[in-house]
**Student:** 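This structure is in structure tokens; I'll ask about it shortly.
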Amino acid sequence: MKKHPLPDSTAEFDKMLTVSPNPHIRSRETTPSLMLCVIIALLPAAVWGVYQFGLRALMIMIVSIVSCVCAEALSALVLKLKFSINDLSAVVTGLLLALNLPVSVPLWMPAVGGVFAIVIVKQLFGGIGKNFLNPALCARVFLFSWAGEMTYFTTPKTALPLFSSDIDAVSTATPLASLNAGALPGIPIIDLFIGKQPGCIGEVSALLLLAGGLFLIIRKVISVRIPLAFIGTVFALTYFFPLGDQDVHYAVASVFSGALFLGAFFMATDYTTSPCTPIGQIIYGVGCGALTVLIRYFGGYPEGVSFAILIMNLFVWFIDKYTKPTPFGHVKPEKPKKPKKAKGGEAE
Amino acid sequence: MSGFLSVIKERFKEGFVTNNPTFIQFIGMCPTLATTTSAKNALGMGLAVTAVLAFSNTVISLLRKIIPSQVRIAAFIVIISGAVTATELLMKAFLPALNAALGIFIPLIVVNCIILARAEAFASKNKVFPSFVDGIAMGLGFTGALFLIGSVREIIGAGTWFGMKVTPEAYSPATIFIMAPGAFFTLGVLVAITNKIKYDVNERKRKKEANAALALADRAEKPSEEETV
């Protein structure tokens, strides 16, 4: 008689019984193809970052991406997760993280951030699709541990050393600093829009981020709801409640400064950490916008986009639960009525 | 004498490994997360809890037949608060710096679940000596866990250990580790490692048993196979 070998672990039984969650509709879009779209959409802003801040910006991107990919490979090996380098998600995380850092950070910081993003935020929760916070943003906030380095912005076109962390440049205030003090920044709005302003590597050019975002919307990688609700809320709040006695220019400058476009198009729309339902996405976008303005006005740091998105990430489960659409053909279970007296002969 | 030794051995194994208050039972999380900002604070907190636990366990065990079970919680708390007050006054007198660093968490030992849990689960049902040893063992298990968390957090978050610089000059400490999130990161990772070890041990045990069962089945089947041939 042949004996059935005992399975090595209960995990094998689980694998046999697991059905992937819905939707079961097939599409030619795969995770790598979507991720590739996001990378293509981010490229203009990344190239602009390198053009504005010099080759050191490119160096930071490379370090960040390499760190993320290596962390993904090693953690998948150690944690025995599916080997997921090919889906490009680690590359997107690394690129987003780099775009969210000031150019003057020492090179070990993107490396540490990449490891944190991948290992702690993503892989320990089960890998791609199972993290409840956006890895790149979480890593950025983790890197605020070194707040001095994270808030040290140099003016664009400053020559910085490629490798050394010995930065000998004057720190400058971002437009947000003056906006939060209730004054218009000294930079004309058109320059803010094009991206001639100090800030993190990838966040400065609203124009190119908008172009990338539109590309994603046209390719139907993301829907317009979250970015529109997010940016619209920030505009509305800064228009109706400006700090100081300001007019519409204040609202426009607020929208074009800081990480708003990068956050709204590329990070708030992360599939895993944003709601699935249309109404939920609008609620989520409005929440992100409102929190951003509140943190900018009253918080300790000048920029609130990353904190706002992370806070809203925590509510995604809740939003999804309460905006769940009723299935097609769903009939509410009727309350049992009192049986009426049957009229004689009518039914027959 | 060997009875005493076996009690001690059993209690210490329980406190440090199989039933560690922090890593297995997850009780007393508040001081675990809040006071482990440095190895010194963690050690101080752990030892204060150990002292209170040994005292309260002993007294509760002594009085276990007198305390009516309807009001036992209140009675336990009175005993525990007595021990905590004494500990606090002693710390104020002899270790004022540590007392200032731990602040409110010393008086809060009164409501620490470890103390009440041990009183309820062990001291109120066992004799005095095992209860006393249980207090010491559980307290030291707690201290060990806190000390581990505190050391990790202090080394990563401040670059020091017991206030001495241990990291190279180039290391820039990750301040987040001595703030609240660092406590969760450290605890989470340490618990994950503990669970992994526990899982591996259980898995090995299970396989061993399964293999033994298979071997047994083999031996039982052999004669029947020979018959068919």
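The sequence lines fix the lettering, A, B, ..., with proteins before strands; numbering per chain opens at 1.
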**Student:** Measuring from B/Phe177:CZ to A/Phe142:CZ, what's the distance to the nearest 0.5 Å?
**Tutor:** 5.0 Å
**Student:** Can you list everything that forms a side chain to side chain contact (heavy atoms under 4.5 Å, CB included) with A/Ser89? Sequence neighbours excluded, please.
**Tutor:** A/Met35, A/Glu72, A/Asp87, A/Lys122, A/Ile128
**Student:** Which bit of B/Pro181 comes within less than 4.5 Å of chain A, counting heavy atoms only: side chain, backbone, both or neither?
**Tutor:** neither
**Student:** Hydrogens and angles aside, do A/Trp146 and B/Thr175 bring a side-chain donor and acceptor to less than 3.5 Å of each other?
**Tutor:** no
**Student:** For atom CZ of B/Phe162, decide whether the heavy atoms of other residues, nucleotides or ligands shown that lie under 6.0 angstrom number more than 12.
**Tutor:** yes
**Student:** Where on A/Phe144 is there a heavy atom nearer than 4.5 Å to chain B: the side chain, the backbone, both, or neither?
**Tutor:** neither
**Student:** Please check if the number of heavy atoms outside A/Phe315 that lie under 6.0 Å from its CZ is greater than 12.
**Tutor:** no
**Student:** Is any side-chain heavy atom of A/Phe116 less than 4.5 Å from a side-chain heavy atom of B/Phe185?
**Tutor:** yes
**Student:** Identify the two heavy atoms, one from B/Ala174 and one from A/Ser145, that lie closest to each other, and give their separation to 0.1 Å.
**Tutor:** C-OG, 3.3 Å
**Student:** Heavy-atom count check: over 12 atoms from other residues, nucleotides or ligands less than 6.0 Å from B/Lys13 NZ?
**Tutor:** no
